[in-house]
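Chain letters run A, B, ... following the sequence lines, proteins first, then strands; residues in each count from 1.
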There are 2 protein chains.
Amino acid sequence: MTDQQNKYEHLDEETLFIVSQTFKALSDPTRIRILHLLGEKECNVSEIAEELSLMQSTVSHQLRFLKNLRLVKFRRAGTTLFYSVDDEHVMTLLHQSIHHARHD
Amino acid sequence: MTDQQNKYEHLDEETLFIVSQTFKALSDPTRIRILHLLGEKECNVSEIAEELSLMQSTVSHQLRFLKNLRLVKFRRAGTTLFYSVDDEHVMTLLHQSIHHARHD
DNA sequence: TTATTATATGAACATATGCTCATATATGTT
DNA sequence: AACATATATGAGCATATGTTCATATAATAA
């Protein structure tokens, strides 16, 4: 019988990058609040800003961040852009974490 | 019948803090690698450093971070400290995310 | 076209983050 | 006690991050 050393299987670079990026998106209170709100209902930018008491600019910047990671998407209605969530996996991670935070 | 406005239920400050802290812990490649390794097997500090090609100091700093959040724990054996994971919820989040990253 | 409304963007700034170096501390050994 | 080994810690530094301000862009209305 050969040695059973069971060498540790490293995480590959790409997986590590995707995973860290995903969690980074969820690591900021403002982005969490935006995602949580969009999880409840589709919203346009100014609705988000008002509901969460944030500057329009702040919301817009964070939406760009979330859109780059394909965590949110939008549809246009005239000059208004309605944003909604676009990654159910990530929303599941968020909701699980919220649930744990409340019950631990 | 009264209006059914369904006002949005805000996340409370404490939940928001815990959730963002948790995801912040998982947002850094080095911490992800350490947690993933500890998920496979208990390790002492120098084993982690060698296995992941990190400076002892870097590992020690990150372990302190993870320990403060109670994501890892340790037992002492002489001058050697053996670290292991201490939050199954968070490890579940990590493994789910790795799985999604690989299959999407 | 001009004006209006909604959203996006870039620059500037303050703060946070992660790494490395040097050194401290703690336990065990001789 | 003196020494060796394992780990922890603080300072310094470079980079990343999040917000705000001012302004640009885009669609629509008059």
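Base pairing annotation: C/dT30 forms a Watson-Crick or G-U wobble pair with D/dA1, both donor-acceptor distances under 3.5 Å.
Among the nucleotides C/dT9, C/dA8, D/dT5, the one closest to any side-chain atom of A/R64 is C/dT9.
A sub-4.0 Å separation between OP1 or OP2 of C/dA8 and a side-chain N or O of A/S60 is present. For the OP1/OP2 pair of D/dA8 and a distance below 4.0 Å, the side-chain nitrogens and oxygens of B/Y83 include at least one atom meeting the criterion. Taking only side-chain nitrogens and oxygens, B/T58 never comes nearer than 4.0 Å to OP1 or OP2 of C/dG18.
The two residues B/L66 and B/A25 come nearest to each other via the heavy atoms CD2-CB, 4.4 Å.
Ring centers of A/H103 and A/H99: under 6.0 Å apart, within the cut-off.
The base of C/dC21 sits within donor-acceptor range of the side chain of B/S57, with an N or O pair under 3.5 Å. Between the side chain of B/Q56 and the base of D/dA6, no donor-acceptor pair under 3.5 Å is found.
Spacing between atom CG of A/L54 and atom C1' of C/dT7 amounts to 15 Å, rounded to whole angstrom units. Remark: P of C/dT27 and CZ of B/F82 are 16 Å apart, rounded to the nearest angstrom. In this entry the distance linking CD of A/Q62 with P of D/dT20 reads 11 Å, nearest Å. A/L52 places its CG atom 15 Å from the C1' atom of D/dT19, with the value rounded to the nearest Å. Summarising the geometry, the separation between CG on A/L63 and C1' on D/dG18 is reported as 14 Å, rounded to the nearest angstrom. The CZ-C1' distance, from A/F65 to D/dG18, rounds to 10 Å in whole Å. Nucleotide D/dA8 holds its C1' atom 15 Å from the CE atom of B/M55, rounded to whole Å. Per the geometry, CZ belonging to B/F23 stands 16 Å off P belonging to C/dT17, to the nearest Å.
Of the two residues contacting DNA chain D, namely A/G78 and A/Q21, the nearest-nucleotide position lying further toward the 5' end is that of A/Q21.
Under the stacking criterion of a centre-to-centre distance below 5.5 angstrom and an interplanar angle below 30°, B/H61 sits stacked against the six-membered ring of D/dT9.
Annotation: side chain of B/D28 is in contact with side chain of B/Q62 (closest heavy-atom distance under 4.5 Å). Residues A/K67 and A/Y83 have side chains in contact (heavy-atom distance under 4.5 Å, counting atoms from C-beta outward).
The side-chain tip of A/R31 points at the ring of A/F65 from less than 6.0 angstrom away and within 45° of straight on.
The residues B/R75 and B/E42 are annotated as salt-bridged, a charged nitrogen and a carboxylate oxygen being separated by less than 4.0 angstrom.
Both B/L38 and B/L81 belong to a single network of hydrophobic side chains, linked directly or stepwise wherever heavy atoms of I, L, V, M, F, W or Y lie under 4.5 Å apart.
Contacts with DNA chain C (heavy atom under 4.0 Å) in residues 24-44 of chain B: B/K24, B/D28, B/T30, B/R31, listed by number.
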